[in-house]
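Heads up: the structure comes next, in structure tokens.
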Amino acid sequence: MLYSQLYIPTLKEKPTEAEVISHQLMLRAGFIRKLTSGIYSFLPLGVRSLRKMEAIIREEMNRAGAQEVLLPALQPAELWQESGRWEKYGKELIRVRDRHNRDYCLGPTHEEVVTDLLRHEIRSYRQLPINLYQIQTKFRDEIRPRFGLMRGREFGMKDGYSFDRDEEGAGKTYQKMFEAYQRIFTRCGLQFKAVEADSGAIGGSYSHEFMVLAESGEDAILACTACSYAANVERAESIDRFQADPKEERKERQKISTPAQKTVEEVTRFLSIPSQRLVKTLIYQTDQGPVAVLVRGDQEVNETKLLKVLDTQELNLADEVTVQKLTGAPVGFAGAVGLSLPLWADHTLTGLKNFVMGGNEADIHWINLNWGTDVAIPRWADLRLAQEGEPCPKCQSPLKAFRGIEVGHVFKLGDKYSRSMKATFLDEQGQEQFMIMGCYGIGVGRTVAAAIEQNHDKDGIVWPMALAPFQVLITPVEWSSGSETNQWAQAIYEELENKGFEVLLDDRPERPGIKFKDADLIGIPVRVTIGPKGLAEGIVEVRERRTGQIQKVLKDQVVLIIQKLVSEALNY
RNA sequence: CGGGGCGUAGCGCAGCCUGGAUAGCGCACCUGCCUUGGGCGCAGGGGGUCGGAGGUUCAAAUCCUCUCGCCCCGACCA
């Protein structure tokens, strides 16, 4: 491809709107342009990288036995009403109406559509398992789109859906997909971690997120420093290091004046007690009304866990007015004594004795409270946020915190959709059974962006070979058409093209400085620099973008050297 | 949803507070000369009516009101 014929509008200056590096570089290097908030156009280079990503995904999905389909982006409301998600999905679902006033939505995901597709076709266990995937544009009306391709409102996603006859089959499919994902991200040259995204209550983990490790990541991960345990902080568990003394005597409860002592820090300092002896009482608003949630002073509530345990859609901390009304005290003095709200408490509070809580009166706390006698026995659950440094739930080594970009997610759905949408088949006994489903997503654009987060330097992008828009860039440093430099550039270009390499020839009548700067910015892995100085000695330069290393090679041997560089970089 | 910021030439910005004459600057673009191994140099030139609507005023990019869009931060751990 000739540079002069490609639309590559590079930017010298850093765009002010771009916060993260991948976003800045994709704009500067002319890969994408923003149309409106969270919605981007892909320019020629951007499309090339995106297509490479897609090709890798296709190869590995096909290899793993999945089949490609293409499902509609525009979907009728009826399907979503049937699954219950028309109401549940909320404001992120982009709803549209046609001229007949019929409701539709732009698909944020396709469980309803595939399930509908297959329920009409699959009758017998003999037709299972079946595993379909597509690469489609998804629409989600994100509250706050940001970071360029990382969190958009319209974005490319590979989504796959598997249908098995039973749990065992579904487990096998899940495993296959898990392995396919490992291959995909490895081929992209990414440093990633597969982390548990489910608490795994029913023996084993059935959901994994694939996280690309990056400072700018939106997700927090806790990973064990010794074993393979790794989990999204939202789901992570850990062992509580604090042990209450089992021999401690129960004491008599007592009201204490704690003027203006509201926070955990203030109260514990005021009473000279460790924060483990304080129990925080948080009032949450839920679908079923307000509830009180108790955690130890040194712990924090994990709202993701809470959401699940309470089985609620809405979950918000109550505002000051509500807290005042429900507890009779201003914020900071809530307690569970005599509180007529559903009580939930974290497991770490189980053995605690003689603890401290707010008194439900301004400037008052109770001390020496005990379960049963003073405070009604709450419903126990894992409600706390695991923290860095705490012991791993599997092997007790300390957990370490990372940040990650979620690029893939494999999830076992079970019969959630097949049941609500009646996707059934007949087994050998002629019994009607629900299909067991799984779903598997990869953010295509996001993965490309994540690759840049991990592969860049001060001059620009440093593409992994597998995702680079071109493998080789040829840069002649003088351009007068008849020059020897240009003849050689042209010759090497043609030879590489013929050998099947993806080559870009910078034939622009620009000064070398401009060509070099653009070359570094767009990040093509191998650059061949051809100039009169070298040619005088019969050599050209082969430069690797990542290392900056230059090999001076005889002009007839360039192709061999490049063959070696490219194939080594694609060797996975 | 709350708070903050911004919208002036293709891009990046100044001017606005303290209204006043042809609305500036850098980059990019066009022409010519020059130059050619890391975003040259010189000279000349084209392009905006100041996000939109309304208002105040003799006079509005500038003041006021409304509106649209974009960016950032936050969304309460008592």
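Every chain is numbered from 1 and lettered A, B, ... according to where its sequence line falls, protein lines coming before strand lines.
Residue A/Tyr284 has its side chain nearest to B/rC77 when only B/rG37, B/rG39, B/rC77 are considered. Closest to the A/Val301 side chain, of the nucleotides B/rC77, B/rG38, B/rA28, is B/rC77. Distances from the side chain of A/Arg153 to the nucleotides B/rC70, B/rG38, B/rG37 place B/rC70 closest. When the nucleotides B/rG37, B/rG69, B/rA78 are ranked by their closest atom to the side chain of A/Thr36, B/rG69 comes out on top. Of the candidates B/rG12, B/rG38, B/rG37, B/rG38 carries the atom nearest the A/Asp520 side chain, counting heavy atoms from C-beta on. Taking the side chain of A/Glu300 as heavy atoms from C-beta on, and the options B/rU35, B/rC77, B/rC1, the nearest nucleotide is B/rC77. Checked against B/rA78, B/rG39, B/rC1, the side chain of A/Ile514 finds its nearest nucleotide in B/rG39. Minimum atom distance to the side chain of A/Glu13 is reached by B/rG26, of the listed B/rG26, B/rA28, B/rG37. Considering only the side chain of A/Val323, B/rA78 comes nearest among B/rA78, B/rA75, B/rA28.
Going from atom OH of A/Tyr7 over to atom C1' of B/rA28 covers 12 Å, rounded to whole Å. Whole-Å rounding puts the A/Phe333 CZ to B/rA78 C1' distance at 9 Å. The CG atom of A/Leu317 sits 15 Å away from the C1' atom of B/rG74 (whole-angstrom rounding). Rounded to whole Å, atom P of B/rC72 lies 13 Å from atom CD of A/Glu142. In this structure, the CG atom of A/Asn486 is 17 Å from the P atom of B/rU36, given to the nearest Å. Between the CD atom of A/Glu19 and the P atom of B/rG74 there is a distance of 10 Å, rounded to whole Å. Between the CG atom of A/Leu278 and the P atom of B/rC77 there is a distance of 15 Å, rounded to whole Å. With rounding to whole Å, A/Glu537 atom CD is found 16 Å from B/rG37 atom P.
A donor-acceptor pair under 3.5 Å is absent between the side-chain atoms of A/Glu541 and the main chain of A/Lys552, judged by distance alone.
In this structure, B/rG26 and B/rC11 make a Watson-Crick or G-U wobble pair, each of the two defining distances being under 3.5 angstrom. Using N1 to N3 plus N6-O4 or O6-N4 for Watson-Crick, or N1-O2 and O6-N3 for G-U wobble, each under 3.5 Å, B/rC70 pairs with B/rG5. Across all strands shown, B/rA43 forms a Watson-Crick or G-U wobble pair, both distances under 3.5 Å, with B/rU31. Checking B/rC58 for Watson-Crick or G-U wobble geometry (two distances, each under 3.5 Å) identifies B/rG20 as its partner.
Judged by distance alone, with hydrogens and angles left aside, A/Arg508 brings no side-chain donor or acceptor close enough to the base of B/rG39 to form a pair under 3.5 Å. Residue-to-nucleotide contacts include no donor-acceptor pair under 3.5 Å from the side chain of A/Glu478 to the base of B/rG37.
Checking the phosphate oxygens (OP1, OP2) of B/rG38, no side-chain nitrogen or oxygen of A/Lys517 falls inside 4.0 Å. Proximity of A/Thr16 to the phosphate of B/rC13: a side-chain N or O atom is located under 4.0 Å from OP1 or OP2. For A/Ser37 and B/rG69, the shortest distance from a side-chain N or O to OP1 or OP2 is not below 4.0 Å. For A/Lys34 and B/rC71, the shortest distance from a side-chain N or O to OP1 or OP2 is below 4.0 Å.
The 5' end of RNA chain B is approached more closely, in terms of each residue's nearest nucleotide, by A/Leu521 than by the other of A/Leu521 and A/Val264. If A/Arg28 and A/Gly332 are placed on RNA chain B by their nearest nucleotide, the residue sitting closer to the 5' end is A/Arg28.
Residues A/Phe31 and A/His23 keep their aromatic ring centres 6.0 Å or farther apart. Taking the six-membered ring for Trp, A/Trp371 and A/Phe355 have ring centres closer than 6.0 Å.
When the P atom is compared between B/rA59 and B/rG19, the two are found 15 Å apart, to the nearest whole Å. Separating the C1' atom of B/rG26 from that of B/rC70 is a span of 23 Å, rounded to the nearest Å. B/rU62 sits 11 Å from B/rG20 when the C1' atoms are compared, rounded to a whole Å. A gap of 13 Å separates the P atoms of B/rC25 and B/rG44, to the nearest Å.
A salt bridge (charged side-chain N to carboxylate O under 4.0 Å, His left out) with A/Arg384 holds for exactly one of A/Glu390, A/Glu237, A/Glu300; it is A/Glu390.
Counted within 6.0 Å of CD1 on A/Ile377, heavy atoms from surrounding residues, nucleotides or ligands total more than 12; the atom is thus considered enclosed.
Judged by the 6.0 Å distance and 45° axis criteria, A/Arg95 is positioned over the aromatic ring of A/Trp86.
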